[in-house]
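Read through the structure below, which is laid out as structure tokens, and then see the notes.
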Amino acid sequence: MVLLQVMYTDLDFIAAFNIEPAVLHHFLFEVYRRYNNIPFHNFKHCFCVTQMMYGLIWLTDLKSKMDSEDLLIMLTSAVCHDLDHAGYNNAYQINARTELALRYNDISPLENHHCAIAFEILEKTESNIFRNLSMNQYKRIREGIIKCILATDMTRHNDILNKFKSILTAFDFTNKEHREVLMMILIKVSDISNEARPMEVAEPWLDCLLQEFYNQSDVEKLEGLPVTPFMDRDKVNKPSSQTGFIRFVLLPLFIELANLFPCLEQHIIHPVRKALDYYTEMEKALEREKVIRAQTQCPADSLTD
């Protein structure tokens, strides 16, 4: 929580938006309280995503390319992006017809909920870090946060990435629409950036994520709901869950961002390629192990026959 306060201070938000330190502290404490004690989508995940966003802002020198309001939108969206996540994804919410799915008519139920909780916290005077802003500033920041958090719904992944690719060659920081798409890309990259971290940090996070996935698929089986394929403990293991995800989701997204900011190549592309090699090797080792196990069982089976 202290380090999050440091980020707000370091990016000059305290001075630029007249944020009182006590109010920022209260806001971050309320945020902390509204993250649940679940394996992956918890307050530590919120911190990792925010720290990655903070790092990307500095690495790409966004302070000289975008105004403070855009940067405040991005950092605050990262802080709030998974508020009150219960550990079950949108597919579960919709199939189980949960209260959230009914409330939001099956449209990004979780992301809409995260947004709503964020602004519930910001409605309280003592935790409203935007309370000294003008009506127009607040309106712009609220609109930006909603856009960023809703962009973290992975069902919108291809649409957002394709939109970014279509503007990349003529990207213009003075174009509002271009900036908004970039902001969505930056929060998406931050949200799924664990594999850009050192393996000793990234791998335990993967274990936490798989634990949450397996919990969901177990519940889906118990409740007779469609089982989310990439969460099924009977079909998915650690390396198989990562190789496809890195190859088809992470790398294409990270590469497009690095096309706009070539300096990111060493920071996010190289580590992700190393992670892909690591999990590819692990997958091959598991396959070899499976073959050896099958071969050693065959003689015993023939004897019993």
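- Relative ring orientation between Tyr88 and Tyr92 is described as tilted, the plane-to-plane angle lying within the 30° to 60° band.
- Side-chain atoms of Tyr214 and Asp232 form no donor-acceptor pair, as typed in the model, at a separation below 3.5 Å.
- Of the inter-residue distances, the one linking Glu69 atom CD with Leu133 atom CG reads 7.5 Å to the nearest 0.5 angstrom.
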For this session: Test side-chain hydrogen bond (donor to acceptor under 3.5 Å, both in side chains) on Glu143 and Tyr138 and set out the steps.
Result: CA-CA 8 Å; Glu143 188 184 302; Tyr138 177 80; over 6 Å; no

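- Between the Tyr8 side chain and the Pro21 main chain, no donor and acceptor come within less than 3.5 Å of each other.
- Residue pairs meeting the side chain to side chain donor-acceptor pair (under 3.5 Å) criterion with at least one member in residues 238-256, sequence neighbours excluded: Glu195-Gln242, Glu203-Lys238, Asp207-Lys238, Asn237-Ser240, Thr243-Glu283, Glu256-Asn259.
- Electrostatic pairing of Glu287 and Lys284 does not count as a salt bridge here, judged by no charged N lying under 4.0 Å from a carboxylate O.
- When all heavy atoms are compared, the tightest approach of Leu56 to Ser190 is CD1-OG, 3.7 Å.
- Of the inter-residue distances, the one linking Phe245 atom CZ with Leu251 atom CG reads 10.5 Å to the nearest 0.5 angstrom.
- The nearest pair of heavy atoms linking Ile73 to Arg140 is CD1-O, 3.9 Å.
- The aromatic ring centroids of His45 and His81 lie less than 6.0 Å from each other.
- In the hydrophobic clustering of this structure, Val6 does not group with Leu11; members are Ile, Leu, Val, Met, Phe, Trp, Tyr whose side-chain heavy atoms approach within less than 4.5 Å, directly or through other members.
- There is no side-chain donor-acceptor pair under 3.5 Å between Arg142 and Gln137.
- A distance of 6.0 Å or more separates the ring centres of Phe29 and Phe27.
- A side-chain donor from one of Glu220 and Gln216 sits under 3.5 Å from a side-chain acceptor of the other.
- Leu206 and Leu286 end up in different hydrophobic clusters when Ile, Leu, Val, Met, Phe, Trp and Tyr side chains are linked at under 4.5 Å.
- In the hydrophobic clustering of this structure, Val31 does not group with Val49; members are Ile, Leu, Val, Met, Phe, Trp, Tyr whose side-chain heavy atoms approach within less than 4.5 Å, directly or through other members.
- In plain terms, the two heavy atoms of Asp10 and Lys63 that are nearest each other are O-NZ, 4.2 Å.
- Checked by atom type and distance alone, the side chain of Ser77 never pairs as donor or acceptor with a backbone atom of Cys148 at under 3.5 Å.
- The main-chain N or O of Ile187 is never found under 3.5 Å from a side-chain atom of Asp191 such that the two would form a donor-acceptor pair.
- Here the side chain of Asp82 pairs no donor or acceptor atom with the backbone of His85 at under 3.5 angstrom.
- Residues Phe119 and Leu100 are members of separate hydrophobic clusters, defined by side-chain heavy-atom contacts under 4.5 angstrom among Ile, Leu, Val, Met, Phe, Trp and Tyr.
- Formation of a donor-acceptor pair under 3.5 Å by the Glu212 side chain with backbone atoms of His41 is found in this model.
- Other residues, nucleotides and ligands place no more than 12 heavy atoms under 6.0 Å from the NZ atom of Lys44.
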Exercise. Can Asp84 and His114 be said to form a side-chain hydrogen bond (donor to acceptor under 3.5 Å, both in side chains), step by step?
Worked result: CA-CA 7 Å; Asp84 198 36; His114 306 323; over 6 Å; no

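- Between the side chain of Asn128 and the backbone N or O of Lys124, no donor-acceptor pair lies under 3.5 Å.
- Expressed to the nearest 0.5 Å, how far CG of Leu75 lies from CG of Leu186 amounts to 12.0 Å.
- Remark: Asp61 CG to Ile57 CD1 distance equals 11.5 Å, nearest 0.5 Å.
- Taking the ring centre of Phe213 as origin, the terminal cationic atom of Arg233 falls outside the region bounded by 6.0 Å and 45° from the ring axis.
- The minimum heavy-atom distance linking Leu250 with Ile192 is given by the pair CD2-O, 3.0 Å.
- We find the CD1-CD distance between Ile121 and Glu126 to be 11.0 Å, quoted to the nearest 0.5 Å.
- Although no hydrogens or angles enter the test, the distance criterion places no donor-acceptor pair under 3.5 Å between the side chain of Asn36 and the main chain of Asn42.
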For this session: Using the salt bridge (charged side-chain N to carboxylate O under 4.0 Å, His left out) rule, take Lys163 and Glu177 through it: C-alpha gap first, then chi angles, then the decisive distance, then the call.
Result: CA-CA 10 Å; Lys163 177 79 176 161; Glu177 192 186 344; 2.6 Å; yes

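- The nearest pair of heavy atoms linking Asn18 to Asn132 is O-ND2, 2.7 Å.
- Crowding of Glu223 atom CD: a count of heavy atoms from other residues, nucleotides or ligands under 6.0 Å exceeding 12.
- Between Glu30 and Arg34, none of the side-chain N atoms (NZ, or NE/NH1/NH2) sits under 4.0 Å from a carboxylate O, so this pair counts as no salt bridge.
- Side-chain contact annotation: Glu111 with Asn90, donor-acceptor N/O pair under 3.5 Å present.
- Connection of Met154 to Leu150 is established within a shared hydrophobic cluster, with ILVMFWY side chains joined at heavy-atom distances below 4.5 Å, either directly or through further cluster members.
- Lys139 NZ: 12 or fewer foreign heavy atoms inside a 6.0 Å radius.
- With rounding to the nearest 0.5 Å, the separation of CG in Leu3 from OG1 in Thr50 is 11.0 Å.
- Closest of all the heavy-atom pairs between Met282 and Pro239 is SD-CD, 3.7 Å.
- Between the side chains of Thr174 and Asp172, at least one donor N or O lies within less than 3.5 Å of an accepting N or O.
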